[in-house]
Amino acid sequence: MALHVYNTRTRNLDRFVPQTPGVVRIYTCGLTVYAPMHIGHARTYCFWDTFRRYLEYRGFHVLSIINYTDIDDRIMKKADERRGWLDVAEETAASFRRDCRALRIKDYAAYTRATDFIDAQVDMVKQLLERGHAYVVDGEVLYDVQSFADYGKLSGNTLEGGQAGASGRLAEDAGRKKHPADFTLWKPSGEGQPAWETGQEAWSSGRPGWHIECSAMSSMLLGSSFDVHGGAIDNLFPHHENEVAQSQPLCGQDCWVGYWMHPEHLDLRGVKMSKSIGNVIGVENLLERHSYDAIRWFFASTHYRTKLAFADELIDASSEGFKKITKLVKILEGRLSEADEDARTIPVPGIYASLRSEDEAVPRERESFVYGAFGESSAKFIRRFIEAMDDDVGCPRATAAAFDYVNELYAAGIESSDDLPSVAAAYRCLTRHLYVLGIELPNEALYPQLAADCFPVAGGGEAAEPYKAVIDRMLEARAEARKAKDFAKSDMIRDVLQAAGVVIEDTPKGARWDLGE
RNA sequence: GGCCUGGUGGCCAAGUGGUAAGGCAGAGCUCUGCAAAAGCUCCACGCGCCGGUUCGAAUCCGGCCCAGGCCUCCA
């Protein structure tokens, strides 16, 4: 099976074929930068990051851009005499970047700001007016939805239906709008608000409407037609519907955007998170309570088009299982690090290539994951992983495959295996695939190719060094005491270490220790 | 009023015609001086309810019940 994704445009699971072979162009609707990133945003952007990582795993070159809506009433409301609206926008954008990095969301090729593309937006409004898709009322430019036959096709909201609930505004807009669904392309700015000159008589100065930004920026940077347009489910209507109405008539292509993908929302115990209810959890706050990898694993455990029930206890439960995986990685890392480079080198390269099907883009791995004692398990895991991810980015099945893989490795005795090349192959296989899910476990010495693609580690790992010698000495003393069957003494030593947060496990090869959480 | 999801074991969650993945929690066993870790075994005769199609349905069709979302700024 080749990669397929659910396409909102066709309401179908479509085979994923980018316009330019080997290159995927993605535009993602970003935030309106007036408040910091919250847990819901985190889910959305973690999904897009995983999607991007999987495309890259599959051998595609990905060009993805994201926007900041930096001109908005809510931003201006936050401004005061000390901080102008642009400062508010910039500060919020900077915090978004920080939060994204903390979640290991890879950098986008570009972060566009709506106010940097005013000219492109004005130009687009002009064209829409010329083509008869828009009209001017009192200096405001409105899009004429009835001029676009396919209006409503993307979201399923037809112009005929859904007017009852809008009756209040209907009266208000009567005589101004030709149709209640007509939306703003450009509007005059209020008193003291930022305004741009357009050089037009009928709509000389003002600011852009929300929908025109994304249309203008995406087409300008990615081309008149591109592969994937993202955002989250709430953007489907009206935002994406309106974007199509604006862009399709001007793009000169049969189809403006090939694939529309809409990740579902996250909700808190059945209640939608919203600012009015006051149950918004910021990313910063979340990261104080859970590690980034526990969060990403938790996100991966539910399909992106399924509503995700969120609660701290659910992340805790999920990370209980996940720990078993990261723990194995740590154990393997420890064993491999102690060995010479020669002893752990994987001798036969290129076996991985045999797992590819002919018609697929070529994964860039050159490492031989499938090797030696655990090769069978690794091959099975890779097949299941690809099968799951090819089927509409099926992360939950990919995580299940990872659990089974890890269980098989444990069962095959990898913990105490002296066949280090085999251990190294499994280690790479596991960490490389966790990487796709946003779990980064880089080790410069053991897997430099992967480490090069990971975020730099913020030196926490070395903190234990000064204590290592002391702990090792105490464990030696404990081993002697156990040998002499002086269990009172050996348990005492263990208690002391445990009180200090050192977790001890006895293995056939001696005691193993780790710093607990 | 219109449009649209979803209801799977104590909890989370996969699974779109072939006889219920995975995780958490729970039980027993093995190993161990003990503990920890790991392993093994067990844990939904049933997938909201009622009908129907089919050799066969959690999966398709019809009806019903329930929960939720969107139609207004929202990831």
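The basis for the numbers below is simple: all heavy atoms, side chains too, and nothing from hydrogens, waters or symmetry mates. Lettering follows sequence order; numbering is per chain, from 1.
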Scan side-chain atoms only and decide if Y6(A) and H262(A) contain a donor-acceptor pair under the 3.5 Å cut-off.
-> no

Hey, is [X] close enough to [Y] for a salt bridge, meaning N to O under 4.0 Å?
X       : Y       : answer
D73(A)  : K77(A)  : no
E338(A) : R335(A) : no
E415(A) : R512(A) : yes
E90(A)  : R113(A) : yes

Could you tell me the Watson-Crick or G-U partner of [N], where both distances fall under 3.5 Å? Say none if there is no partner.
N      : result
U54(B) : none
C29(B) : G39(B)
U72(B) : none
U5(B)  : A67(B)
C24(B) : G10(B)

When you compare [N] with [M], how far apart are their [atom1] atoms, in angstrom units rounded to a whole number?
N      : M      : atom1 : answer
G10(B) : A44(B) : C1'   : 12 Å
C24(B) : C43(B) : C1'   : 13 Å
G52(B) : U59(B) : C1'   : 15 Å
G23(B) : C40(B) : P     : 11 Å
A21(B) : U54(B) : C1'   : 26 Å
C3(B)  : C50(B) : C1'   : 27 Å
G26(B) : C31(B) : P     : 23 Å
U16(B) : C60(B) : P     : 9 Å

For a quick check of understanding: with a heavy-atom distance under 4.0 Å over all strands, which category does [X] fall into, base, sugar-phosphate or nothing?
X       : result
A317(A) : sugar-phosphate
G394(A) : nothing
R305(A) : nothing
K327(A) : sugar-phosphate
T306(A) : sugar-phosphate
D72(A)  : nothing
H239(A) : nothing
F298(A) : nothing

Of the nucleotides [options], which has the atom closest to the [X] side chain?
X       : options                : answer
T302(A) : A75(B), C24(B), A13(B) : A13(B)
R478(A) : C34(B), C12(B), A75(B) : C34(B)
D404(A) : A75(B), G69(B), A21(B) : A21(B)
A400(A) : A21(B), A75(B), A14(B) : A21(B)
L266(A) : G23(B), A14(B), A75(B) : A75(B)

Value in whole Å for how far the [atom2] atom of [N] lies from [atom1] of [X]:
X       : N      : atom1 : atom2 : result
L103(A) : A75(B) : CG    : C1'   : 13 Å
E264(A) : A75(B) : CD    : C1'   : 11 Å
D491(A) : U32(B) : CG    : P     : 17 Å

Does any donor-acceptor pair link the side chain of [X] with the base of [N] at a separation under 3.5 Å?
X       : N      : result
R494(A) : C34(B) : yes
R397(A) : G15(B) : no
D506(A) : C34(B) : yes

Of R43(A) and E408(A), the one whose closest nucleotide on RNA chain B sits nearer the 5' end is E408(A)

Nearest-nucleotide wise, let me know which of Y304(A) and F487(A) is further upstream toward the 5' end of RNA chain B.
-> Y304(A)

[N] phosphate, OP1 or OP2: any side-chain N/O from [X] under 4.0 angstrom?
X       : N      : answer
K324(A) : G39(B) : yes
S319(A) : C24(B) : no
N407(A) : G23(B) : yes

Please lay out, stage by stage, how R296(A) and E440(A) fare under the test salt bridge (Lys or Arg N to Asp or Glu O under 4.0 Å).
-> CA-CA 10 Å; R296(A) 294 207 58 152; E440(A) 298 195 346; over 6 Å; no

